[in-house]
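The structure appears below as structure tokens.
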There are 2 protein chains.
Amino acid sequence: MKQKVTLKQIAKELDVSISTVSKALKDSVEISKDTREKVKAFAKLYNYKPNNIALSLKNRKTKTIGVIIPEIVHHFFTTVIGGVEKVANAKGYNVIICSSNNSFDKEVINMEMLASGSADGFIISVAKETQQRKDYHHIEETMSQGMPVVLFDRIIDELVCDKVIIDDAKGAQKAVNHLVSKGCAKIAILSTVDYISVGKLRTTGYLRALRAHDIPEREEFILKIEDIEHCEEEIAAFLASNEFDAIFAVNELFAVTAAKILYARGKSIPNDVSLIGFTDGILSKHFIPSLTTISQHGEEMGERAAKLLIDKLEGDPLATEEYKTVIIDTSLVERQSTKK
Amino acid sequence: MKQKVTLKQIAKELDVSISTVSKALKDSVEISKDTREKVKAFAKLYNYKPNNIALSLKNRKTKTIGVIIPEIVHHFFTTVIGGVEKVANAKGYNVIICSSNNSFDKEVINMEMLASGSADGFIISVAKETQQRKDYHHIEETMSQGMPVVLFDRIIDELVCDKVIIDDAKGAQKAVNHLVSKGCAKIAILSTVDYISVGKLRTTGYLRALRAHDIPEREEFILKIEDIEHCEEEIAAFLASNEFDAIFAVNELFAVTAAKILYARGKSIPNDVSLIGFTDGILSKHFIPSLTTISQHGEEMGERAAKLLIDKLEGDPLATEEYKTVIIDTSLVERQSTKK
DNA sequence: TTTCCACACGCAAACGTTTGCGTTGACCCT
DNA sequence: AGGGTCAACGCAAACGTTTGCGTGTGGAAA
């Protein structure tokens, strides 16, 4: 078990000083060509790699980006991470991913952990609990210590920082417009409770689209689901309560759950009921029928977020005291679950 | 922008030495009660948090586990990560996740990066390319430097280290047995090319089950798919070439793709053809009909892997020179895609 | 008054780097 | 021979911790 070789060991072995070794490896003109080559050969032989920890300590930066997401087992978030990694790696940054599991406490712990030396900046989508409690002290504290933060997807309006979002309302509007253009009029929405920002916004877009087409909005056509784990019962009861010719679901799970219930009642999609989802994930693509959906372009979100963060990280700290909110365009992916 | 406060600053402010501050915060009896309380109050006020980087450098350990997986956008791997995080966090470890994107080079880079100071040990499922090239020098090197490695799922037999796997062959056998018990005899397998270890093993299990039931194995009933991205054409041609009464797919994607093709040809699942998959993911659960499948218990794999690694990390380095291979039991999750 | 012992604290080294500056020694010029 | 120059290298500080050991002060016992 050969331990990692350090500058000190090389220096001792070659009978020179540590600084000579360090300079030789950096091709400093201060060191003679002879020595430089000798040192380099030796370093190669022993597979010398500078110790990142020591470098971080010295440089006061880690060259790593901390990403905190509510759930790791979630297709949308992982695509975002993919985007973050892509640009981060290209710029020489590493990416550390932590999941908060939608727990406020774990979000705080992870954040403090990463903030105390492990990351230079953060890309975050906040936990459900955090949105509920409206307690953002951990994020504010991190920012006040000079570490940039970029929020995405589930953002917090009150926080002054860079943000990457989609126009949820507009996306929802697109979805409903599409349904209307296919002749649907009795359009239901399967949404979440209002404290989830995206659920609220998508409901807003739904209502806006209805108004734009002079379709009366009806309270009974709106379902706000609290307990996502047990959404099936809620959706079943809701769908039994009224006749709909179209359903707009704010996520994949609600969409396929609705589909299941409709099938069980002998309905056909899209002939009897059109169905449209939000988030273009695995389910939408492979479901039968494949689901028309609003794509959030997760990877692009990740890329933009990483770019924003790195700009802040590398920019002149004084000149960059302005914050941007990037809005990624959603797009309608038309598939088989809506009428032609 | 108040910068992070260090021991030095507290010391200066309180006009004591750095060591006094450090000891006071650790409740050392060396320091008078007065001073201890003063220091602690000050530290709380300024929200002092020890710098992890400095600690890592001093202690020569980082208390973080590096996880390297082939794809981040993959349900099975993320469930494994969930398990790893669960036990790692419970034991005070952090988890850094990097994806190799199935690229050998990126796997090496990530590994070297994490090995040079960022992680104490590794949990890895190797990239497809790595399995092809059979080049494991990066892993061997890391181990020879004294950093423990735990391999899971896509493991490497030649490497001497801890491993967590499922009995792929046995799992496949379970699947085929189930099909046979439901009266199926013309059973096809949708597998991957042989250099993917799990594909090969599952094929082995398939053959073993057939033999055990005296069902002749037929070359034409086996499809080995090379290009996963474009599996649809291959599967379509394969399914047209013969009549099957059951299909065993080694992953979810192959299963739902087959289902799609069968539907398009007017076949019913499970009445005309029974379908069984591998990996109990989102798709299997929400597909219509929901898919009978072999669950790999990803979360448990992650938990076991993390436990093995932490044992090595914290154990007496001499006494732990033995390596275990943990085999997680697979289980059959019976749903609607196979006959009752 | 001297001696001794706690108590309370500071010094300094160590972890592995980087880098400005000081220090050698050889050689050349006058 | 003395002074100067320059190439080649080492010293030391710094990043933020921890910790063994040394040290100074005070009071009490003899």
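Every chain is numbered from 1, with letters handed out A, B, ... down the list of sequences.
Between the side chains of A:His138 and A:Glu107, a donor-acceptor pair is found at a separation under 3.5 Å. In summary, the side chains of A:Lys91 and A:Asn89 do not present any donor paired with an acceptor at a separation below 3.5 Å, with no hydrogens or angles considered.
Note on A:Ser19: every side-chain N or O is 4.0 Å or more away from OP1 and OP2 of C:dT18. Between D:dT19 and B:Ser28, no contact under 4.0 Å exists linking OP1 or OP2 to a side-chain N or O. Contact between the side-chain N/O atoms of B:Ser22 and the OP1/OP2 oxygens of D:dT17 is not found at any separation under 4.0 Å. OP1 or OP2 of C:dA13 has not a single side-chain nitrogen or oxygen of B:Lys58 nearer than 4.0 Å. At C:dA14, none of the side-chain N or O atoms of B:Arg60 fall inside 4.0 Å of OP1 or OP2 (strictly under the cut-off). Within the structure, a side-chain polar atom (N or O) of B:Thr35 is placed less than 4.0 Å from OP1 or OP2 of C:dC9.
Using a 4.0 Å heavy-atom criterion, one finds that B:Ser32 contacts the sugar-phosphate atoms exclusively.
Below 30°, between 30° and 60°, or above 60°: for B:Phe76 and B:His74 the angle between ring planes is above 60°, a perpendicular geometry. Using bins of under 30°, 30° to 60° and over 60° for the plane-to-plane angle, the ring pair A:Phe77/A:Phe152 lands in the perpendicular bin.
As rounded to whole Å, 13 Å separates atom C1' of C:dC11 from atom CD1 of B:Ile31. Atoms CG (A:Asn52) and C1' (C:dT18) sit 14 Å apart, rounded to a whole Å. In this entry the distance linking CD1 of B:Ile10 with C1' of C:dC9 reads 17 Å, nearest Å. Note: CG (A:Leu55) to P (C:dT17) measures 7 Å, nearest angstrom. The distance from atom CG of B:Leu57 to atom P of D:dC15 is 14 Å, rounded to the nearest whole Å. Distance B:Asp15 CG to C:dA8 C1': 15 Å, rounded to the nearest Å. Here the P atom of nucleotide C:dG16 and the OH atom of A:Tyr48 are 10 Å apart, to the nearest Å. Between A:Lys49 atom NZ and C:dT17 atom C1' there is a gap of 17 Å when expressed in whole angstrom units.
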What pairs of nitrogen or oxygen atoms, one from the protein and one from nucleotides 21-27 of chain C, lie under 3.5 Å apart?
from   : atom 1 : to      : atom 2 : distance (Å)
C:dC21 : N4     : A:Glu30 : OE1    : 2.9

Can B:Asp153 and B:Val80 be said to form a side-chain contact (heavy atoms from CB on, under 4.5 Å), step by step?
CA-CA 10 Å; B:Asp153 192 53; B:Val80 175; over 6 Å; no
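Closest approach of B:Ala88 and B:Val95 over heavy atoms only: CB-CG2, 3.7 Å.
Mapping B:Ala54 and B:Ile18 onto DNA chain C by nearest heavy atom places B:Ile18 at the nucleotide closer to the 5' end. Both A:Val29 and B:Lys8 lie near DNA chain D, and the one whose nearest nucleotide falls closer to the 5' end is A:Val29.
You'll find the side chain of A:Asp135 reaches within 4.5 Å of the side chain of A:Phe104, heavy atoms only.
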